[in-house]
Amino acid sequence: LFEIPTLTALYQLGKLSPCETTETPNAIYNDKISLIRNDITKLEVDAIVNAANESLLGGGGVDGAIHRAAGPRLVRECEKLDGCPTGDAKITHAYNLPCKAVIHAVGPVYYTSKRQNMHTNFLQSCYRRSLQLAVKHGLKSIAFSALSTGIYGYPSEEAAVTALDEVRGFLEQGEGDSLERIVFCSFTEKDEKAYEKYVPEFFPPV
Ligand code: AR6
């Protein structure tokens with residue numbers, strides 16, 4: 001993972017340098033946060049986070065790509081999980097993928113959940129539940145796809161802010177001490193730009 005050029009480039013730019021002082025508390029987590037723009041199915045991290053739907057039976061977007069790359073045993077395991085409500089996540093094996101586990105998070109459909117003023121809560125809880133599952137299962141590195149920002153219509157910047165805020169809160173509360181790396185994996189330019197814009201705000205470089 002560390003040899004992928006975009007990530008290396010970010011380190012060279014000093015955007016993700018680890019913090020050597022605790023004067024800016026948020027910055028101590030910089031050495032755990034990475035941005036990458038890539039196909040998440042290629043990442044050799046412990047867990048990748050899928051943008052699933054409530055059925056957990058596959059679909060388009062990153063969900064389709066993950067199921068194709070994992071092979072048919074993934075859907076067979078998913079069939080046994082009895083779905084997953086919006087805002088929650090469930091974990092499975094990764095089968096033919098290079099990661100060790102897949103965490104299937106069900107993000108909100110933006111316009112529907114916004115009408116109920118639940119969009120932020122649902123997206124926050126997807127990130128929190130995914131991180132909790134990773135910790136519970138002893139997984140040390142986790143890569144998130146940009147949940148809900150594709151077919152589900154969540155604006156990229158608003159989604160990135162919510163994701164970064166939730167991950168920072170999780171680390172600040174000490175819940176993620178066992179996690180060594182948290183990767184935000186973008187696929188499109190708009191998501192990549194949103195993360196590049198807001199990572200320094202939530203995890204300021206020193
Ligand atoms: N690697 C990383 N990110 C990807 C990949 C990939 N291979 N392919 C797409 N993305 P989406 P949603 C990005 O639409 O909005 C499915 O049908 C994509 O650019 O996959 O949460 C599910 O079954 C976007 O930034 O998920 C649900 O029914 C992000 O992944 C529904 O779509 C999420 O886009 C979920 O919609």
Side-chain angles (χ1 to χ4, degrees), residues 1 4-7 34-72 74-79 81-92 94-99 101-114 118-130 141-164 166-167 181-199:
L1 181 65
I4 295 169
T6 44
L7 193 56
S34 300
L35 301 184
I36 191 168
R37 183 168 170 201
N38 212 308
D39 178 352
I40 202 166
T41 67
K42 309 282 189 230
L43 301 187
E44 293 179 32
V45 286
D46 287 349
I48 62 170
V49 182
N50 181 20
N53 60 57
E54 288 190 339
S55 80
L56 295 186
L57 298 179
V62 69
D63 197 8
I66 287 172
H67 275 273
R68 273 193 302 279
L74 179 58
V75 78
R76 272 183 238 132
E77 183 177 352
C78 286
E79 278 164 4
L81 298 178
D82 199 23
C84 180
T86 299
D88 203 355
K90 290 191 178 176
I91 191 165
T92 65
Y95 302 102
N96 299 339
L97 288 161
C99 56
V102 180
I103 294 171
H104 305 263
V106 183
V109 178
Y110 185 68
Y111 289 101
T112 319
S113 58
K114 195 176 162 71
M118 284 298 287
H119 54 300
T120 313
N121 291 357
F122 281 142
L123 195 60
Q124 281 170 335
S125 97
C126 281
Y127 281 90
R128 182 157 292 261
R129 290 289 300 127
S130 299
S141 55
I142 180 169
F144 283 97
S145 60
L147 306 174
S148 281
T149 66
I151 294 160
Y152 281 179
Y154 217 105
S156 293
E157 290 202 355
E158 195 181 334
V161 165
T162 299
L164 289 163
E166 195 61 24
V167 168
R181 184 140 304 267
I182 300 167
V183 180
F184 295 99
C185 177
S186 298
F187 199 59
T188 60
E189 194 182 356
K190 69 180 172 68
D191 292 304
E192 183 185 36
K193 284 203 172 351
Y195 276 98
E196 282 177 350
K197 180 171 172 187
Y198 287 107
V199 160

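Just so you know, these numbers come straight off a predicted model, no measurement behind them. All ligand and atom numbering here is 1-based and tracks the order in the structure. Position 1 is the first residue of the sequence, and the numbers go up from there.
Judged by distance alone, the side chain of S186 and the main-chain N or O of T188 form no donor-acceptor pair under 3.5 Å. A distance-only check finds no donor-acceptor pair linking the side chain of N38 to the backbone of F187 [under 3.5 Å].
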May I have every N or O pair linking ligand 1 to the protein at under 3.5 Å, one per line with atom names and distance?
unit_1: ligand 1; atom_1: 1 (N); unit_2: I40; atom_2: N; d: 2.9
unit_1: ligand 1; atom_1: 7 (N); unit_2: D39; atom_2: OD1; d: 2.9
unit_1: ligand 1; atom_1: 14 (O); unit_2: I151; atom_2: N; d: 2.8
unit_1: ligand 1; atom_1: 15 (O); unit_2: S148; atom_2: O; d: 3.4
unit_1: ligand 1; atom_1: 15 (O); unit_2: G150; atom_2: N; d: 2.8
unit_1: ligand 1; atom_1: 15 (O); unit_2: I151; atom_2: N; d: 3.1
unit_1: ligand 1; atom_1: 15 (O); unit_2: Y152; atom_2: N; d: 3.0
unit_1: ligand 1; atom_1: 17 (O); unit_2: G60; atom_2: N; d: 2.7
unit_1: ligand 1; atom_1: 20 (O); unit_2: V62; atom_2: N; d: 2.8
unit_1: ligand 1; atom_1: 21 (O); unit_2: S148; atom_2: N; d: 2.8
unit_1: ligand 1; atom_1: 23 (O); unit_2: N53; atom_2: ND2; d: 2.7
unit_1: ligand 1; atom_1: 23 (O); unit_2: D63; atom_2: OD2; d: 2.7
unit_1: ligand 1; atom_1: 25 (O); unit_2: T149; atom_2: OG1; d: 2.7
unit_1: ligand 1; atom_1: 25 (O); unit_2: D191; atom_2: OD2; d: 2.9
unit_1: ligand 1; atom_1: 28 (O); unit_2: N53; atom_2: ND2; d: 3.2
unit_1: ligand 1; atom_1: 28 (O); unit_2: Y152; atom_2: OH; d: 3.4
unit_1: ligand 1; atom_1: 34 (O); unit_2: G150; atom_2: N; d: 3.3

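Residues forming a salt bridge (Lys or Arg N to Asp or Glu O under 4.0 Å) with K190 (at least two apart in sequence, or on another chain): none. Applying the salt bridge (Lys or Arg N to Asp or Glu O under 4.0 Å) criterion to E166, with sequence neighbours excluded, gives R128. For E54, the side chain to side chain donor-acceptor pair (under 3.5 Å) partners at least two apart in sequence or on another chain are T86.
Residues Y154 and P108 have side chains in contact (heavy-atom distance under 4.5 Å, counting atoms from C-beta outward).
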